[in-house]
4 protein chains.
Amino acid sequence: MGFPENFSLKSIELNEKRVIRDAIHDYIHVDHLIIWRLINSQEMQRLRRIKQLGGTYQVFQSAEHSRFVHSLGVYQVVRRMLETECLSNALNDYDKLCVMCAGLLHDIGHGPFSHSFEGVFGGNHEDMTVKMILEDSEVHHILSSFYEKLPQDVASIIQHTHPHHILIQMVSSQLDADRMDYLLRDSYMSGTTYGHFDMSRILRTMRIRDGKIVYKESGVQAIENYILARYHMYWQVYYHPTARSYEHLLQCIFQRVKDLYREGYDFQTQLDYLIPMLENRVQVQDFVDLDEAVVLYYFKEFRHEKDFILSDLASRFLNRHLFKYMQLKNLDDLKRIKDIAKDKGYHPDYYIVSDNQKQIPYLHYGESGELSEIEILDSEGSLSPLPMKSEIVSAILNSKRFKSDQKVFFPKEIKDELSIF
Amino acid sequence: MGFPENFSLKSIELNEKRVIRDAIHDYIHVDHLIIWRLINSQEMQRLRRIKQLGGTYQVFQSAEHSRFVHSLGVYQVVRRMLETECLSNALNDYDKLCVMCAGLLHDIGHGPFSHSFEGVFGGNHEDMTVKMILEDSEVHHILSSFYEKLPQDVASIIQHTHPHHILIQMVSSQLDADRMDYLLRDSYMSGTTYGHFDMSRILRTMRIRDGKIVYKESGVQAIENYILARYHMYWQVYYHPTARSYEHLLQCIFQRVKDLYREGYDFQTQLDYLIPMLENRVQVQDFVDLDEAVVLYYFKEFRHEKDFILSDLASRFLNRHLFKYMQLKNLDDLKRIKDIAKDKGYHPDYYIVSDNQKQIPYLHYGESGELSEIEILDSEGSLSPLPMKSEIVSAILNSKRFKSDQKVFFPKEIKDELSIF
Amino acid sequence: MGFPENFSLKSIELNEKRVIRDAIHDYIHVDHLIIWRLINSQEMQRLRRIKQLGGTYQVFQSAEHSRFVHSLGVYQVVRRMLETECLSNALNDYDKLCVMCAGLLHDIGHGPFSHSFEGVFGGNHEDMTVKMILEDSEVHHILSSFYEKLPQDVASIIQHTHPHHILIQMVSSQLDADRMDYLLRDSYMSGTTYGHFDMSRILRTMRIRDGKIVYKESGVQAIENYILARYHMYWQVYYHPTARSYEHLLQCIFQRVKDLYREGYDFQTQLDYLIPMLENRVQVQDFVDLDEAVVLYYFKEFRHEKDFILSDLASRFLNRHLFKYMQLKNLDDLKRIKDIAKDKGYHPDYYIVSDNQKQIPYLHYGESGELSEIEILDSEGSLSPLPMKSEIVSAILNSKRFKSDQKVFFPKEIKDELSIF
Amino acid sequence: MGFPENFSLKSIELNEKRVIRDAIHDYIHVDHLIIWRLINSQEMQRLRRIKQLGGTYQVFQSAEHSRFVHSLGVYQVVRRMLETECLSNALNDYDKLCVMCAGLLHDIGHGPFSHSFEGVFGGNHEDMTVKMILEDSEVHHILSSFYEKLPQDVASIIQHTHPHHILIQMVSSQLDADRMDYLLRDSYMSGTTYGHFDMSRILRTMRIRDGKIVYKESGVQAIENYILARYHMYWQVYYHPTARSYEHLLQCIFQRVKDLYREGYDFQTQLDYLIPMLENRVQVQDFVDLDEAVVLYYFKEFRHEKDFILSDLASRFLNRHLFKYMQLKNLDDLKRIKDIAKDKGYHPDYYIVSDNQKQIPYLHYGESGELSEIEILDSEGSLSPLPMKSEIVSAILNSKRFKSDQKVFFPKEIKDELSIF
């Protein structure tokens with residue numbers, strides 16, 4: 001038989017199509033049973049219990065949304081991309097199904113309070129997402145019962161190894177469904193205006209050339225707006241020092257737990273759900289059980305542990321006694337600050353944290369920077385990289401200075417002692 | 001000394017006023033240290049871990065906001081009311097402080113998954129709010145350290161016993177800060193258009209007559225819109241059958257826990273945080289420890305209990321296998337449905353639930369209906385109840401029929417057996 | 001040949017589809033050359049010089065939009081209706097083309113300051129629209145050069161004589177593209193919240209039964225919201241007394257011109273563009289030349305006429321010295337007010353106007369009420385009229401009282417004399 | 001007597017304050033009779049008949065708003081600035097009144113289709129605004145009857161000669177009430193997202209230092225967003241080639257009228273309202289009579305002039321047969337294009353136009369560039385120019401390339417002949 005070549009999405013359409021009301025996209029349309037089943041899988045439902053913005057909602061209080069609604073949004077942006085003339089023609093129905101699934105599932109491997117959690121326990125949410133799709137999970141069974149190669153094909157989009165480059169671009173690239181949804185959603189939820197950009201126009205100027213998604217020159221200003229939106233959201237929202245303070249406190253708690261466990265400390269708290277992480281033998285099913293409800297429950301319990309550092313940090317977290325912060329001028333200062341903390345009885349490994357945020361608005365995507373630039377198609381049919389066509393982006397790239405921000409975070413109690421810096 | 005008569009809000013203003021970005025009100029302004037300290041109290045921070053809409057976000061997925069941001073919003077609407085010329089003149093500064101505190105704190109007594117929780121464990125969130133303000137809590141200490149009678153004065157607004165009727169109207173009446181914030185917020189977050197109304201105009205038409213807040217006739221249409229917004233939000237959002245299904249499932253779980261505990265069942269799960277509720281000896285501090293993170297953790301644990309009913313219900317909840325529902329035509333049917341469930345092995349006390357939602361868009365406020373109507377001030381200075389001035393409201397009141405909706409909820413597994421009804 | 005039965009819209013698609021940015025619908029899509037040519041015809045371009053809201057923008061100052069953008073909007077709503085599954089299947093491509101043209105052209109017969117103009121010079125904008133489509137006009141030539149019967153088929157939709165009832169319903173009925181666009185647009189432009197309703201949901205619940213458009217029961221609340229939006233926009237915006245005052249002043253000017261012309265008065269102003277109206281021999285081409293720029297130019301000129309009434313009224317209009325107004329309690333008062341005006345030197349025929357606005361939110365559509373009700377399809381497949389399914393609409397219909405508002409308008413100069421009423 | 005030093009705005013407050021509903025600012029508040037009288041003056045009412053965006057609404061069809069509503073908006077932004085703590089304290093009540101008047105009146109000197117009109121007839125709308133305030137006009141009388149020096153004080157703000165620098169900055173500077181209103185309004189009306197920025201935050205970060213308005217560092221990103229909004233609105237909206245085409249056509253018509261008049265051509269059209277402009281002896285009162293209704297009426301009449309060029313251009317304008325355009329590579333091409341036009345019978349002076357739009361997003365304000373930069377106040381109290389504090393603005397300034405766009409416009413009829421370029 002001709003599957004997947006002759007597969008037709010029409011053949012698996014729901015009789016009664018479903019819609020989910022959404023604040024960003026108005027409606028999220030579910031036309032196919034497999035998508036509906038994936039949405040209702042335990043791996044997807046777990047994302048309801050993981051916040052999209054980690055600590056940021058300590059600053060932008062109304063931004064309390066979960067990774068679950070973001071994932072629905074990414075799926076919906078992918079769906080809208082597929083409705084454009086160029087992508088509708090460029091892809092066969094099986095590829096369309098694969099990329100809708102990849103958009104929906106791309107975040108299932110996130111841990112609770114994702115960045116702090118990964119910072120301590122290692123691992124990487126993309127690898128975990130792939131593992132969950134390929135190994136024993138409800139999501140895996142839904143996909144493989146539909147077509148045995150489907151888990152692998154969906155996973156390879158997320159891994160950037162799928163032969164069809166367009167599918168990868170749709171889900172993760174400089175200008176992808178993931179970023180489009182999160183900028184729009186995070187800005188709507190936080191009540192800022194920084195994340196607005198004209199998604200409709202960007203989608204309307206998509207074209208396919210040389211097997212890649214490129215953009216017509218008439219879309220350059222919408223793309224500039226998108227890049228600036230990203231830049232401003234980073235500084236105004238994601239890298240807000242109070243949000244960083246919250247992440248650091250989380251990370252100190254996780255680190256203390258890890259260190260105590262390694263030292264054989266006798267926890268009063270039943271750590272069942274965390275033990276696979278602590279023993280570095282986590283399986284998909286263990287991971288599915290880990291969500292922010294569990295972690296918050298543990299934090300409540302930690303308040304009663306005899307280890308002072310752990311109980312103190314947990315109380316600070318639950319009662320929002322976040323670390324204070326100040327600009328860090330040089331690394332010598334950091335050493336002196338740690339000494340002061342120690343003198344005052346605060347273990348510097350868990351009470352003094354420094355970071356250095358640097359945000360380059362464009363070009364270096366991801367850690368490895370392997371992804372190519374946004375390319376622009378001009379009226380004569382030639383392609384150029386975006387900075388050649390955008391004064392704004394070019395100006396930014398040629399600037400010597402990029403905004404960076406080095407800060408040190410410390411307990412409020414030693415604020416006075418640090419006023420000399 | 002002249003306190004509270006000569007108390008001036010100016011005297012306690014923060015040097016550096018604070019603002020909190022908010023999706024609904026743009027900015028929430030915090031001008032006084034006592035408000036900032038209340039916001040950061042553990043009782044208020046706990047509300048971050050309690051969702052505003054209980055089960056409704058199972059239907060309106062993007063409505064994931066907490067009671068914490070709603071409480072900030074109510075405070076901000078109270079603040080805006082106080083800026084109107086009429087209220088600014090009618091109240092002294094101490095009363096203004098009291099009502100700002102009452103607006104902020106009015107929801108601290110809500111339990112996790114509030115309605116289902118109260119349904120099983122009894123108690124009432126207003127009573128608990130009052131208890132928390134008057135008894136040993138962080139909030140109580142912040143208030144009483146400011147002025148010893150402040151806790152009582154704030155509580156009496158929430159209890160509807162404060163001598164100054166206006167303060168009560170501002171926080172709980174047919175047209176109060178609480179409702180205004182939640183209609184706007186719930187509709188924004190859920191992405192529906194139903195909850196929109198023109199709050200600015202309503203505030204602009206407020207006047208004081210006979211010691212009460214009344215509204216100029218030119219505000220009638222804005223108020224009609226508000227009442228219809230409420231009506232439509234109820235039917236479209238709050239009473240959506242899927243949301244009710246979710247609430248019923250919660251209530252069945254709580255009920256099973258309560259019944260098992262009473263029977264002396266040996267729980268594997270450490271129920272420490274719930275035991276005060278189960279033994280009906282809950283203190284303020286016990287209550288503060290109860291939030292949705294704890295309850296969700298318990299549900300995760302319940303999956304492994306040997307009691308089949310409890311483990312089954314908990315799994316249904318976490319994996320979103322909600323009860324199905326159908327119209328219930330009469331109570332005889334209900335009995336027959338219960339019998340069928342029993343035959344199929346589903347204990348009807350925990351698997352069959354019926355309810356009857358009735359929404360009357362106006363007039364009967366709260367359970368006891370003690371609150372008076374919205375009154376309208378015409379250009380000649382006379383007052384009339386709203387229905388005399390509003391065709392729409394009057395028409396609704398004179399209608400014989402009010403929309404009601406009687407449904408029965410049951411496990412999906414017996415759907416076929418019930419198709420005869 | 002098989003035209004129009006085998007006509008395919010695909011065959012006339014533009015190579016490069018056009019989009020027009022629009023504040024209400026985001027983009028208005030033009031896919032076919034004939035639509036683009038109609039938009040650029042002189043009859044359509046003339047609508048740029050005729051305001052949608054007549055005098056209303058004297059009250060809602062920012063609502064300065066023209067009938068041209070509204071017409072584009074109606075076309076776009078028709079286009080969206082045609083994209084719904086039910087209408088997409090129910091109509092052939094030729095009918096689709098006809099109804100898109102009818103939506104776009106439905107307002108071309110409006111005169112400058114339409115209602116006042118018609119009030120004095122007679123005629124009816126629907127008849128003129130039909131005449132312009134059928135007789136010698138650019139629009140007629142574009143349509144007939146495409147297909148000779150097209151003008152007739154488009155006109156018959158506007159005349160309500162087309163055999164296909166659905167097409168008529170789409171363009172003019174209780175719930176049509178015309179009303180949907182104007183409620184959304186007028187409310188957006190005026191900055192009120194009254195006209196919001198959930199058009200997406202209404203479109204999603206459309207179905208075809210017995211050759212008519214009906215609505216699924218799940219759409220009832222969205223339709224209630226639409227009907228209330230209409231009701232509130234009428235009272236809050238369209239029937240605002242200042243807007244009525246402006247319309248009356250306009251009508252008095254037109255009436256004075258008409259009476260003077262009939263009496264043989266020697267106008268200084270060159271009235272060329274108005275003469276066909278005054279002599280009741282207006283042809284399509286004369287009408288096309290009449291727009292609000294011409295009328296405003298004449299008003300400027302009238303300021304210098306020797307006839308005092310005409311020059312005075314024109315100055316009042318241009319300098320916004322509108323008539324004042326008060327409630328009119330009975331018709332005897334009207335007579336006495338006219339006598340007072342006369343005594344003070346104001347000709348009552350041109351300086352005293354009374355009106356009685358009555359708005360019934362539903363059921364009586366148009367003057368003749370020939371149109372049927374909105375019908376609701378329930379889950380068992382039966383149809384009921386909307387009031388059977390809507391408490392709100394039913395309550396309104398059964399109410400004895402409907403809001404009406406009888407006012408008299410008069411020059412500011414005699415305000416004191418009228419204070420006795 | 002103490003006027004103006006001891007003048008109090010409170011003393012002239014309206015008993016019944018007025019509000020005007022507005023799409024951008026929700027409500028525009030009128031608290032003082034003098035403002036209400038200015039709004040109702042003939043000079044302000046005339047602005048209702050002059051569109052804000054000139055030809056731009058040929059592209060952004062829904063952007064049909066007038067300079068009148070924009071002027072109300074500027075007044076309202078000035079009013080909001082005055083409510084900020086820093087400006088409220090820095091200015092006395094008389095200065096506050098002056099700057100509110102200046103904001104409201106700053107545009108009254110605009111001619112119909114302002115830029116094309118000035119291009120041909122000379123003059124400058126700022127000079128005319130000042131003239132109208134100082135000389136015999138209704139506005140002048142309202143101001144001077146209030147206080148004889150008021151017209152001069154208001155005018156000197158608009159002329160940039162007022163001793164109080166802050167007042168000038170509020171109304172015209174890199175970041176003023178004028179630009180803030182028009183970016184927000186034009187973007188709302190045109191339905192683009194480009195003009196959004198966070199005005200509330202910018203206002204909140206205003207401070208006064210050294211007698212100037214400066215901005216706290218925490219406002220830098222909001223200001224960056226504002227500058228980019230300006231940049232994008234210019235390219236996406238204001239400099240759109242179709243809008244420029246429309247402006248050029250207007251300018252050619254005005255030029256032809258001027259040349260014909262100079263040559264003694266015998267106009268059929270009664271040009272009364274234009275003659276003062278043509279004879280370069282325009283008085284304030286002549287100017288007040290000139291609006292877009294008059295100009296459009298003349299264009300209608302011009303269609304019947306025997307001069308072919310004039311009648312042809314006027315018809316093109318009214319029926320929207322705009323000039324086509326293409327990139328112009330060098331000035332030699334321009335000469336050759338003019339020759340071709342001439343050969344084909346199109347007088348190159350009226351049928352071939354070239355322009356070169358260059359938009360520098362920051363720094364060079366106004367023609368003379370006399371205005372200083374936006375200054376930023378850091379946490380240590382030092383001031384720096386914006387580019388020192390903004391990576392984005394700095395990068396743009398240091399870029400060698402600025403976007404420029406040289407185009408030539410020509411009649412559609414010779415498009416084929418020009419395809420060789």
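Being a predicted model, the structure only gives us computed values, none of them experimental. The chains referred to below are lettered A, B, ... by the order of the sequence lines, with proteins before strands, and numbering in each begins at 1.
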- Item | Sub-4.5 Å side-chain heavy-atom contact between C/I20 and C/Q76 | no
- Query: Given side chains that start at C-beta, do those of C/F197 and C/L184 come closer than 4.5 Å, heavy atoms only?
  - Reply: yes
- Message: Is it the case that over 12 heavy atoms from other parts of the model lie below 6.0 angstrom from the NZ atom of C/K17?
- Response: yes
Just give me the residue among [options] that pairs up with chain D most often, heavy atom to heavy atom, under 4.5 Å.
options: C/I28, C/D289, C/D26; answer: C/D289
options: C/D272, C/V295, C/L72, C/L318; answer: C/L318
options: C/Q45, C/R21, C/H321, C/R320; answer: C/R21
options: C/R303, C/Q42, C/K51, C/R46; answer: C/R303

Contact leader toward chain C among [options], where contacts are heavy-atom pairs under 4.5 Å:
options: D/E301, D/M44, D/Q270; result: D/E301
options: D/H25, D/M189, D/R48; result: D/R48
options: D/E138, D/E292, D/H65, D/R185; result: D/H65
options: D/Y27, D/Y273, D/F68, D/Y298; result: D/Y273

- Side chain, backbone, both or neither: which part of D/S187 has a heavy atom under 4.5 Å from chain C? neither
- Shortest non-hydrogen separation from C/D266 to C/E305 and the atoms involved: O-OE1, 4.3 Å
- Task: Compare every heavy atom of D/S245 with every heavy atom of D/L322, then report the nearest pair and how far apart it is.
- Result: CB-OG, 3.4 Å
- Query: Are any of the side-chain nitrogens in D/D31 or D/R18 under 4.0 Å away from the carboxylate oxygens of its partner?
  - Reply: no
- Salt-bridge criterion met for C/D291 and D/K300 (N-O under 4.0 Å): yes
- Query: Checking C/S190 against chain D: side chain, backbone, both or neither under 4.5 Å from a heavy atom?
  - Reply: backbone
- Honestly, the part of C/R49 sitting under 4.5 Å from a heavy atom of chain D is side chain
- Item | Worked check of salt bridge (charged side-chain N to carboxylate O under 4.0 Å, His left out) between C/R80 and C/D181 | CA-CA 12 Å; C/R80 280 193 61 185; C/D181 183 77; over 6 Å; no
